[in-house]
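Below, chains carry the letters A, B, ... as their sequence lines are ordered, and counting in each starts from 1.
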Amino acid sequence: MKLKRTHDCGQLQKKDVGEEVILNGWVDSCRNHGGLIFVDLRDRYGITQCQIDPATTAGGEEFKSETVIAVRGKVAARPEGNVNKNRSTGEIELIAEECELLGPTKTTPFEIVDDLETREDVRLKYRYLDMRRAPLTKAMVFRSEVTRIIREVFHGERFVEVETPLLMKTTPEGARDFVVPSRLQPGKVYALPQSPQLFKQTLMVCGLDRYFQICKCLRDEDLRADRQPEFTQLDMEMSFVEPDDVFAVIEKTLHRLWNELLGRKLPETFPRLTYREAMDRFGIDKPDTRFGLELRDVSEIAAGCGFKVFSGAVEQGGSVRCIVVPGGAELGRKKIDALEAVAKNYGAKGLAWVKINPDGFQGPVGKFLSEDELRAMMAKAGAATGDLMLFGADRNSVVFAALAQVRLALGRELDLIDRSRTDVLWVTDFPLFEYDEEAGQWFAMHHMFTMPSSELPASPDASMAEVHGKLYDLVVNGNEMGSGSVRIHLPEMQRKVFELIGMGEEEADMKFGWFLRALEYGAPPHGGIALGLDRLVMVMLGYDNIRDVIAFPKNASGVCPLTESPSEPLGDTLDVLGLQLNPAFFKKVQAEEE
RNA sequence: GGCCCGGUGGCGCAAUUGGUUAGCGCAUCAGACUGUCGAUCUGAGGGUUGAGGGUUCGAGUCCCUUCCGGGUCGCCA
């Protein structure tokens with residue numbers, strides 16, 4: 001190239017008037033007036049208007065949108081009345097003396113504009129064009145700033161950044177593994193990490209004391225708006241700590257991120273909610289606390305009532321809970337039906353409701369309950385005339401799931417969510433175990449390396465439901481942003497947990513033998529957390545799609561075609577191996593075979 | 001795998017709920033224009049409606065099958 005840039009396209013200001021400069025960039029738009037051409041030249045720093053005299057340049061293809069050109073000329077102040085106040089470079093323009101065509105272009109399949117509404121598969125096919133759009137360019141730069149600040153904070157806190165392997169044995173998370181055939185050991189496969197969990201715990205045994213890494217994790221599961229099979233997490237682990245120590249580092253990190261990148265002050269320490277409280281008040285372990293409509297338990301009143309759906313739910317160990325919508329008596333039937341559809345989607349059989357009109361109760365529940373019962377429920381739930389009460393009655397898990405989603409739907413529908421707020425909180429004291437009715441077995445709710453807060457039973461029994469763990473989730477505006485725990489550092493306790501979740505000694509040794517052995521040689525008490533970096537960036541930017549903060553995301557069809565398997569199908573390989581992947585994977589394979 | 005929504009010129013949408021040569025905006029191409037700001041004006045080209053089958057005098061519109069995409073549940077934190 002002859003004309004190499006001296007400045008970028010967001011740089012030139014009034015003080016540069018008279019300077020001889022060269023700009024390189026893409027033609028954002030071209031306004032040809034016959035005797036005078038205006039070209040907006042764009043790079044990631046900004047847009048600068050170039051004024052071109054068609055007599056002095058060839059004119060033509062170099063001014064087509066998205067062509068890459070160089071412009072040499074003199075910076076000039078724009079004439080009075082022609083200043084563009086919407087642009088940082090709007091006071092000046094470049095009077096071109098020479099242009100060079102650097103990269104010609106075909107007509108692009110879609111226009112490079114901020115508010116593009118093109119279908120996503122087309123955007124992904126031409127990702128390099130999509131990424132030229134400001135919202136995506138901004139996201140990439142923003143993301144880079146996020147990781148920069150994270151590294152600053154962690155290095156400042158004496159953390160050591162360590163890289164852990166990609167090719168490894170299966171990881172102890174619950175998802176399906178991606179696997180890579182081994183060349184040197186034919187018939188065997190590597191699993192790609194779902195997280196560096198065991199490595200980071202081992203680093204504590206190494207004595208590194210404070211570790212962090214911004215790393216890729218891979219889980220072979222279906223995609224979602226906020227989920228990618230390949231994602232990035234901020235992973236950290238600390239020795240000789242309690243949860244508070246982990247909280248402090250993360251709070252400091254987020255505080256700086258929000259302050260420096262968004263100009264917003266987060267609290268120095270984040271509010272905490274126990275799992276129990278989160279469920280009781282919001283029905284979900286990642287509550288969006290930016291609005292009210294909290295759940296109320298009316299089981300006591302419902303237990304003795306004549307409405308079988310209510311009393312039956314309580315009799316069978318479930319509950320009846322309600323959401324009071326202030327002024328909700330105004331809501332039309334259509335909206336209530338839509339809310340019921342939400343409840344049903346999450347397993348509820350229906351959504352009972354009653355409107356409290358000035359002249360009496362209206363709605364299905366009103367018919368089945370006595371006036372006294374209704375008044376008692378109003379009192380218990382804090383409802384008043386003009387309100388709407390929505391009820392869930394079922395097993396607790398169903399009531400919580402359905403009402404939590406109904407609450408969120410109401411928040412959106414009634415526009416109750418204050419978007420200017422950032423509610424960050426810790427949810428703590430999760431149960432350690434969860435019973436899977438289908439499998440007839442206990443599972444680790446989070447993962448099996450979490451330190452229990454109380455005694456473990458000698459053998460699996462119902463008391464396991466009462467055992468809580470030193471577990472914590474970070475929740476931002478109703479998004480689960482991270483999850484961590486204090487870990488088990490005593491090998492005997494670790495073996496006990498394996499036993500309680502039905503993992504035999506042999507299986508435990510095969511999967512985690514190397515790790516259990518490590519714990520036997522002076523393992524320090526330790527704990528940590530992992531934050532989803534993609535989600536963090538997404539929430540900070542207020543985007544609603546994780547693919548918009550990832551340079552090259554996956555979609556269902558895949559932009560790049562996969563390579564043909566060089567050897568026999570993987571299923572056969574696994575058979576030959578008898579290799580134990582994780583239980584979920586095996587359950588799945590077996591189910592498909594049957 | 002289930003459910004919901006969608007597939008119409010390059011892109012975004014429309015077609016009075018079966019009715020004559022499928023419209024519009026942007027983009028493209030040609031022409032005009034010395035102060036525009038995602039310029040304006042004039043004109044032109046471009047689609048047979050994801051694919052296959054069926055109903056009908058007639059299908060973008062109805063039915064069946066199938067492919068693709070998005071969302072969601074399952075799954076996964």
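Taking the P atom of each, B:U48 and B:G35 are spaced 42 Å apart, rounded to whole Å. Nucleotides B:G9 and B:G54, compared at atom C1', are 28 Å apart to the nearest Å. Straight-line distance between the C1' atoms of B:A14 and B:G60: roughly 11 Å, to the nearest whole Å. Across B:A39 and B:U28, the matching P atoms stand 10 Å from one another, rounded to whole Å. The gap from the C1' atom of B:A59 to that of B:A22 amounts to 12 Å, rounded to the nearest Å. Rounded to the nearest Å, the gap between the P atom of B:C63 and that of B:G19 is 15 Å. Between B:C57 and B:C73, the distance separating the two C1' atoms is 46 Å to the nearest Å. Between B:G45 and B:G53, the two P atoms lie 32 Å apart (nearest whole Å).
Going from atom CG of A:D226 over to atom P of B:C75 covers 16 Å, rounded to whole Å. If you take CG of A:L223 and C1' of B:G70, they are 11 Å apart, rounded to a whole angstrom. As a whole-Å value, the separation of A:F63 CZ from B:C29 C1' is 18 Å. A:Q228 has its CD atom 10 Å from the P atom of B:G70, to the nearest Å. Distance A:E120 CD to B:G7 C1': 15 Å, rounded to the nearest Å. As rounded to whole Å, 14 Å separates atom P of B:G71 from atom OH of A:Y346. Rounded to an integer number of Å, the gap from A:L124 CG to B:G70 C1' is 11 Å. As a whole-Å value, the separation of A:I37 CD1 from B:U34 P is 12 Å.
Under the Watson-Crick and G-U wobble criteria, each requiring two contacts below 3.5 Å, nucleotide B:A14 is left unpaired. Searching all strands for a Watson-Crick or G-U wobble partner of B:G60 with both distances below 3.5 Å returns nothing. Of the nucleotides present, B:U65 is the one that pairs with B:A51 by Watson-Crick or G-U wobble criteria, both distances under 3.5 Å.
Shown here are the salt bridge (Lys or Arg N to Asp or Glu O under 4.0 Å) partners of A:R487, two or more places apart in sequence or in another chain: A:E237. A search for side-chain hydrogen bond (donor to acceptor under 3.5 Å, both in side chains) contacts involving A:K335 returns A:E413, not counting sequence neighbours. For A:K344, there are no side-chain hydrogen bond (donor to acceptor under 3.5 Å, both in side chains) partners two or more places apart in sequence or in a different chain. Checked against side chain to side chain contact (heavy atoms under 4.5 Å, CB included), A:E230 has the following partners two or more places apart in sequence or in another chain: A:K216, A:L218, A:K554. By the ring pair (Phe, Tyr, Trp, His ring centres under 6.0 Å) test, A:W26 is found to be paired with no residue, residues two or more places apart in sequence or in another chain being considered. Partners of A:R127 by side chain to side chain contact (heavy atoms under 4.5 Å, CB included), not counting sequence neighbours, listed by chain and number: A:R123, A:L124, A:D130, A:M131, A:L136, A:F552, A:P553.
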Quick test: give all pairs of protein nitrogen or oxygen and nucleotides 12-14 of chain B nitrogen or oxygen below 3.5 Å, distance rounded to 0.1 Å.
from  : atom 1 : to     : atom 2 : distance (Å)
B:G12 : OP1    : A:R119 : N      : 2.8

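Look at A:R547 and you'll find a side-chain N or O under 4.0 angstrom from OP1 or OP2 of B:G71. Regarding contacts with the backbone of B:C73, a side-chain N or O of A:R224 is found under 4.0 angstrom from either OP1 or OP2.
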For residues 424-433 of chain A, run the donor-acceptor check on the side chains, cut-off 3.5 Å, and write out each pair with its distance to 0.1 Å, sequence neighbours left out.
from   : atom 1 : to     : atom 2 : distance (Å)
A:W426 : NE1    : A:E251 : OE2    : 2.9

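A:E66 and A:R132 are joined by a salt bridge, as a carboxylate oxygen and a charged side-chain nitrogen come within less than 4.0 angstrom of each other. Residues A:E91 and A:R78 are not paired through a salt bridge, judged by the lack of any N-O separation under 4.0 Å between the basic side chain and the carboxylate.
The aromatic ring centres of A:F270 and A:F247 sit 6.0 Å or more apart.
The CG atom of A:L471 sits 7.5 Å away from the OG atom of A:S453 when rounded to the nearest 0.5 Å.
Looking at A:R227, its side chain comes within 3.5 Å of the base of B:C76 through a donor and an acceptor atom.
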- Using a 4.0 Å cut-off on protein heavy atoms (strictly under), produce a 5'-to-3' string for nucleotides 35-49 of chain B with B for base contact, S for backbone-only sugar-phosphate contact, and - for none. BBBBB----------
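Residue A:M445 is classed as a base contact, given a heavy-atom separation below 4.0 Å to a base.
Residues A:R535 and A:A225 each lie close to RNA chain B; by heavy-atom proximity, the contact nearer the 5' end of the strand is made by A:A225.
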